[in-house]
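Lettering of chains follows the sequences in order, A, B, ..., and the numbering in each one begins at 1.
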Amino acid sequence: MSTEAATQHPGLSVRHRLAERGVDSQLLLLLPAVVFVIGLFVYPFLYGLGLSFQPAKGGGAFADYQRFFSDSFQRDTIWKTLRLSVPAALFNVLASVPIAYRMRGKFRGKRLITTLLVIPITLGTVLTAEGLLNFLGPAGWFNRTLMSIGLVDHPVRLINNYWGVFFSLVITGFPFAFLLILSYISGIDPSLERAAATLGADWRARFQRITLPLLAPGLATTFCLTFVLAFSVFPSAILVGDPTGATRVISIAAYQAAYEQYDYPFASAIAMVMGAVELLVIAVVLLWRSRFYVGSTGGKG
Amino acid sequence: MTEKTEFEQLRLDGVGRRFGGQDALQDLDLTIRAGEFIALLGPSGCGKSTALNCLAGLLPLTAGSIWQDSKRIDTLPPERRGFGMVFQNYALFPHMTVRSNIAFGLQMRRLPKADVTRRTEEAIRLVQLEEHAGKLPGQLSGGQQQRVAIARAVVLEPSLVLMDEPLSNLDAKLRLEMRTEIRRLHQSLGLTTVYVTHDQEEALSMADRLVVLRKGRVQQIGTPEELHTKPTNWHVADFMGFRNLLTVKVQEAGGRQVVVEGPGIRLAATAMAQVSSGERVVAGVRPEDLVVQPAAAANGGGNVIRAMVEVVEYQGRELAVEARTPEGHRLHLRTPERVTAGEAISVSVAPERLLVFPLGDEAPPAGVPVLGDGASSSVGAPVLSRAGGEAP
Amino acid sequence: MTAVNAPTAGGTHAADRRRRIAASPAAWTVWGAVVLFMIFLVGIVGSVLVNSFGTRWFGTWLPQGVTAGWYSQAWTDFALLQVIITTLEVAAAVVVLSVLVGVPASYVLARRNFPGKKVVYLAFLLPIMMPPITYGIPLATVLYKFNLAGNLSGVILANLVPCVPFVILTMTPFIEQIDPAIERAARMSGARTLSIFTRILAPLLVPGILASSILVLVRTVGMFELTFLTAGPDSTTLVVALFNSMNAAGIRAQQSVDAMAVIYMSVMMVLLVVALRFVNPTQLVAQVKEEPEP
């Protein structure tokens, strides 16, 4: 019967087949967004990729990549970026875990604390840099306090070097990591821990055997997002760092190639290297994450 | 009504729906006459909701066609079929009052304002929600929300009302009340209704005809009585309350009357289809058709199974009993006799109540020890203090 | 906290208090860290604030005098009125466009399964996962090629790149939690697609759209990299203007830069206060589902 109907109405059998695969006119709603992402993300990215193989100064297709990796001034930016972003992201995630674990329940003032923590994220890196210059500078309140309580004789140098950038990454990155981890921890059904307690697990065992394994995928995700933030470090590396030395990160190199030397192929090549390194780190973390249980954590989240 | 879409009959012709290579529904042929109450019945995942959604137009078909008299309607979008639908979780518009929910469909048909008001108020009165007409759905109880959903569907006087397990979210008492109410509405308004449920009791008590589905295929179509007394295969029997399904072998075949044999049992039975001697079959009987024999008559005559009582549940006038034969067959029965756990009993069954179905190539029913599979090893009958004792 | 989680009957209060004191070293460390972080935060914000109002500040705890003069100087020197107008124009355009493009897409992603859905989803996820500089530089190059960068349209287009996916990722779970049977019920009541959108979906989507709009607004006003790469002289936003004045240190008085920083800070604070009326703090950070507020 059905085959008979299909031969009578060839248009309908196509309709039947499309229906089976879930294709119909409603999918057109997706079109603007797809056009947008292709036009403003995929195409420029591929254009940049193509450009990176057409060096302005001649040479083979890989000349710009060779130039980047053979010049230690350029090549070291990868190492400098990772040296800043990996420790900063790790610190932010690891410091967040115990604090979020303590704050996972409901208590008065929780919303106030979370709101205060959103402030540095909202303010952004540029303003944080300005504040750090004032606060941690040789004549700032921080050094004055250290000197007046006699901890140091001379102001500690905390800006215009590695530490200035590191602090700025912590100030904006820690609240970010903390709020994410807090929401992951709150998503774990508290009765799981209570069940473990009735089975004789002390808090250490409960944390290690129940909370941590359920939290691990969330930690990996949080690390990735925090790492992306830190890896993109740009304005603070210029403002509170040492942009010609210790904190000449890869985004500065890409920016200088594009906007100071107007060498767009080389800038694109650096941007591609930057993207590749970032994706590599994320891939490693996600690979590690895939070894964990990733399912419902029983919470309401 | 501006576009009254009455019909003589609605015909589903080889209707099927595939999801990425998986058949959710296959070859559904069904003719619905005007005014009929049809129940689609089956366990979850049997394709009954798929069938309903295909009929509604919410799910495009991947095979077959649907005809309203001589007009093909499976190509029409749902809003142009003129059917009404009641959803499992009611699907009331949360941001609209009860009144606006019910009026919505009338407004969509661009009826004059006065008509909309009049018919909305009528529908509100019909489901007795006058006091709640100004409330939002979130402020109503489950039963009240259910009434709104029904009123919203019937206010359009649809040519067909589709109901998708409308009572499954209600508690037992309310479910019984709403069942009567839906039946009453059906009779007073004469609405053609297709009703999806997994509850065989609900289907039997409400519907004029039942369609039993399993794994996307129709198993049987018939009146409640036909399904209750003459299931066509053991799957339908299983669903219709034949809780005792035994895998046995045909000993003597001769027309309807057959004798079947399993480890430790030999029973006269009625074949529901052609079976031959030596064939593996499934014999089914309802718990209420197993009769506990008085102790004196324990050996009197045929069609008796000996078993040991394992679990007794008190259910008012009767006891629900789970017993086990020495060979490990588990029996469910209902009896007014006061038996206790550990007691040995004899159970008889009338040959016309023990129905025999061919097993074919299928796997035997789950939870039933297969013929000859180490029957002795599965005699896990608990040895209780009164084991072997005579019935009082 | 633990005390709240534990079933506390009236009689166990004393025991509870004792246990909390016993567990204090860990608690002290944790709370100490929080306090230290807050001190840093107050120090950073406070020193900018104090400096912007100070006359001369050298070698003392506080400036010698108080003045509001730096603000008027910053206002004229940095042409802040124009900068603020530009910022608002960019932000408004980005919010409207990203909602218009993003919401229909998230509707499809929430409701439908179709071949290639994973690829589409990944394409929407990547702009959020990549550092803005990596795609910002090729994007700016392309935009300059088409004469779209260096002006307002370039800044808007560049800012849309992370914002459209952001709207999609926040709206998809929001639409998922609206029962699809509601739309089917409307359809069964005879509503066409347009009526379903206007009468049923729109009222239900308003809270979600409001939340994601305010989040996009905050992100766009605070977005530095993409604006920096595509802005021309008359299309800088507040945050880029701030960076430029800081980077050109020595040209303007530090206090004047700080005054501008305070203006930027106030704008962000206003947005934050507005935002927190509609969303909870975690949503400002990422699109992770959180437990519903009590």
Side-chain angles (χ1 to χ4, degrees), chain B residues 1-3 5 19-20 49 52-53 55-59 76-96 100-111 120 136-137 145 148-158 160-166 169, chain C residues 99 103-104 106-122 171-213 277-279 289 292-294:
Chain B
M1 290 281 297
T2 43
E3 34 167 330
T5 44
F19 289 101
S49 288
L52 197 76
N53 284 322
L55 195 50
L58 295 168
L59 207 53
L76 291 180
E79 63 269 25
R80 291 185 38 211
R81 294 191 190 187
F83 298 167
M85 185 154 172
V86 178
F87 293 81
Q88 183 171 13
N89 45 10
Y90 322 135
L92 299 178
F93 310 130
H95 58 299
M96 295 185 189
S100 335
N101 260 284
I102 297 173
F104 182 80
L106 297 168
Q107 289 164 351
M108 288 297 117
R109 301 223 168 149
R110 304 188 194 289
L111 296 188
T120 306
L136 291 174
Q145 293 190 30
V148 180
I150 291 174
R152 185 177 65 181
V154 302
V155 72
L156 296 170
E157 294 173 17
L160 178 66
V161 181
L162 306 166
M163 297 198 179
D164 189 1
E165 308 218 21
N169 284 348
Chain C
V99 165
V103 172
S106 40
Y107 177 77
V108 176
L109 287 178
R111 285 284 188 260
R112 301 294 305 276
N113 270 314
F114 52 90
K117 182 173 174 176
K118 282 207 170 124
V119 177
V120 171
Y121 205 79
L122 186 70
M171 286 305 288
T172 305
F174 187 84
I175 295 175
E176 270 168 358
Q177 52 93 34
I178 298 175
D179 186 355
I182 288 174
E183 289 147 50
R184 287 191 219 133
R187 218 165 255 285
M188 293 308 292
S189 303
R192 307 275 169 98
T193 309
L194 187 66
S195 314
I196 291 175
F197 261 94
T198 54
R199 298 270 319 255
I200 305 296
L201 277 178
L204 294 175
L205 288 183
V206 164
I209 292 180
L210 219 54
S212 73
S213 304
R277 298 190 75 89
F278 296 104
V279 297
K289 291 177 201 159
E293 290 286 314

Q: Please classify the contact between L204(C) and chain B as side chain, backbone, both or neither, with a heavy-atom cut-off of under 4.5 Å.
A: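 Contact with chain B is through the side chain of L204(C) alone.
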Q: Heavy-atom distance under 4.5 Å to chain C: side chain of L162(B), backbone, both or neither?
A: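 Only the side chain of L162(B) comes within 4.5 Å of chain C.
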Q: For Q107(B), is it the side chain, the backbone, both or neither that has a heavy atom under 4.5 Å from a heavy atom of chain C?
A: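 It is the side chain, since no backbone atom gets that close.
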Q: Do F174(C) and S106(C) come within less than 4.5 Å of each other through their side chains, counting heavy atoms only?
A: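 When only atoms from C-beta onward are counted, S106(C) and F174(C) do not touch, as no gap falls below 4.5 Å.
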Q: For F87(B), is it the side chain, the backbone, both, or neither that has a heavy atom closer than 4.5 Å to a heavy atom of chain C?
A: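 Looking at F87(B), just its side chain touches chain C.
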Q: Between atom CG of L59(B) and atom CZ of F19(B), what is the distance when rounded to the nearest 0.5 Å?
A: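 One finds 4.5 Å between CG of L59(B) and CZ of F19(B).
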Q: Measure from NZ or CZ of R152(B) to the centre of the six-membered ring of F93(B) and say whether it is under 6.0 Å with the direction within 45° of the ring axis.
A: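 The answer is yes; both the distance and angle limits are met.
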Q: As a quick check of understanding, evaluate side-chain contact (heavy atoms from CB on, under 4.5 Å) for L55(B) and L160(B), giving each step before the final call.
A: CA-CA 10 Å; L55(B) 195 50; L160(B) 178 66; 4.1 Å; yes
